Amino acid sequence: MSTKSVTVIGLGPMGQAMADAYLDGGYEVTVWNRTPGRADRLVARGARRAPTVEAALTANDLVVLSLTGYDAMYAVLEQAPSAALAGRTVANLTSDTPEKARQAAAWLAERGAVQITGGVQVPPPGIGKPGASTYYSGPEDAIEAHRSALEVLTDIDHLGEDPGLAALFYQIGMDMFWTGILSYVHAQAVAEANGISAERFLPNAVKTMDFRYFLEFYAPRIAAGNHEGDVDRLAMGVASMEHVLHTVEASGVDASLPAAVLDVFRRGVAAGHGQDSLTSLIEVLRR
Ligand code: NDP
């Protein structure tokens, strides 16, 4: 087998970007996708189309999976005899829950394969570009053995051996990302309802979404269990969110998102944290 060769299974936007990066890097790339036509462009660029999942698995030591979720992984891999997995390293860059990542690692180990779990932190255009990074977890030796191939895609942020760890960091990040980006979309809907275009609002949005100062201020206090209301108080947060809610409603925009935030703030006050910092909500949110 060539040392610069890899199999990519799953050719959604992410898998396509990965296969492109390998082709750009001079790798022999074998591809397989449930909908075969998605491989056409890559085959025209020099990729090999595996006729079956078994052929895709046995073509290379390193198999990169980029699928919608782990249910799709089983749907694909169960098409091949177990023996086709023996000796493979599966870089599973499919995002799913930590529990499913651990189960998949055990399922693959039973078949003689090693899973490296990955959580990619950039969208497809970021693959192969400087500064891109992926959370990885799994055996150090497997990651080291395939370091150069993995680094074709992104930098490696190896978090530890537990196969669920990369998935856990990824999902915690997505918890922030989806709520954060939805807050932008919601705010822009309010802006537009008031005649403020996305271009006009952009510099303000960028400034407001830069939470670095707050994260660096709060993190050591959270770590120390210090929720003192010396800088911000939850009672002030309730008053502020009431103003936001009224502004949103007056703009004719769906208010379910700020109403949910206000509900959490009010529960914090009801639990006795009105004079404490916003971070005291961690005590309320933790069930
Ligand atoms: P898609 O959901 O578009 O990828 C779908 C891939 O999974 C396709 O190849 C699809 O095949 C295949 N698939 C889905 N269900 C099945 C099934 N039952 N059997 C066989 N194949 C199946 O996702 P992306 O390409 O966007 O992303 C891939 C992974 O990367 C996801 O886990 C995603 O969360 C993660 N990710 C994505 C990012 C992004 O911005 N796109 C950013 C970071 C991570 P078919 O073509 O036949 O439908």
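Only this structure's heavy atoms are used, side chains among them; waters, hydrogens and symmetry mates stay out. Every number for a ligand or one of its atoms is a count from 1 in the order of the listing. Everything quoted here is computed from the prediction, not taken from an experiment.
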(request) Report yes if Met14 has an N/O atom closer than 3.5 Å to an N/O atom of ligand 1; otherwise report no. (result) yes

(request) For Leu11, counting its heavy atoms only, list the atoms of ligand 1 lying under 4.0 Å from any of them. (result) 9 (O)

(message) Show me which atoms of ligand 1 lie under 4.0 Å from any heavy atom of Pro123.
(response) 40 (O)

(message) Show me which atoms of ligand 1 lie under 4.0 Å from any heavy atom of Gly10.
(response) 9 (O)

(message) Which of the numbered atoms in ligand 1 are under 4.0 angstrom from any heavy atom belonging to Ser66?
(response) 6 (C), 28 (C), 29 (C)

(request) Determine whether His186 and Val248 make a side-chain contact, defined as any pair of heavy atoms from C-beta on separated by less than 4.5 Å. (result) yes

(request) Please confirm whether Val120 comes within less than 3.5 Å of ligand 1 when only nitrogen or oxygen atoms on both sides are compared. (result) no

(request) Under 4.0 Å from a heavy atom of Tyr170: give me the atoms of ligand 1 that qualify, with their elements. (result) 34 (O), 36 (N), 43 (C), 44 (C)

(message) Can you name the atoms of ligand 1, numbered from 1 with element, that are less than 4.0 Å from a heavy atom of Val122?
(response) 42 (C), 43 (C)

(request) Please indicate whether any nitrogen or oxygen in Val76 is less than 3.5 Å from any nitrogen or oxygen in ligand 1. (result) no

(message) More than 12 heavy atoms of other residues, nucleotides or ligands under 6.0 Å from CZ of Arg200: yes or no?
(response) no

(message) Between ligand 1 and Ser95, is the shortest N or O to N or O distance under 3.5 Å?
(response) yes

(message) If hydrophobic clusters are built from ILVMFWY residues whose side chains come within less than 4.5 Å, do Phe214 and Val206 share one?
(response) no

(request) Pull out every atom of ligand 1 sitting under 4.0 Å from any heavy atom of Thr94, numbered as shown with elements. (result) 32 (O)

(message) Centre-to-centre under 6.0 Å for Tyr135 and Tyr170, is that the case here?
(response) no

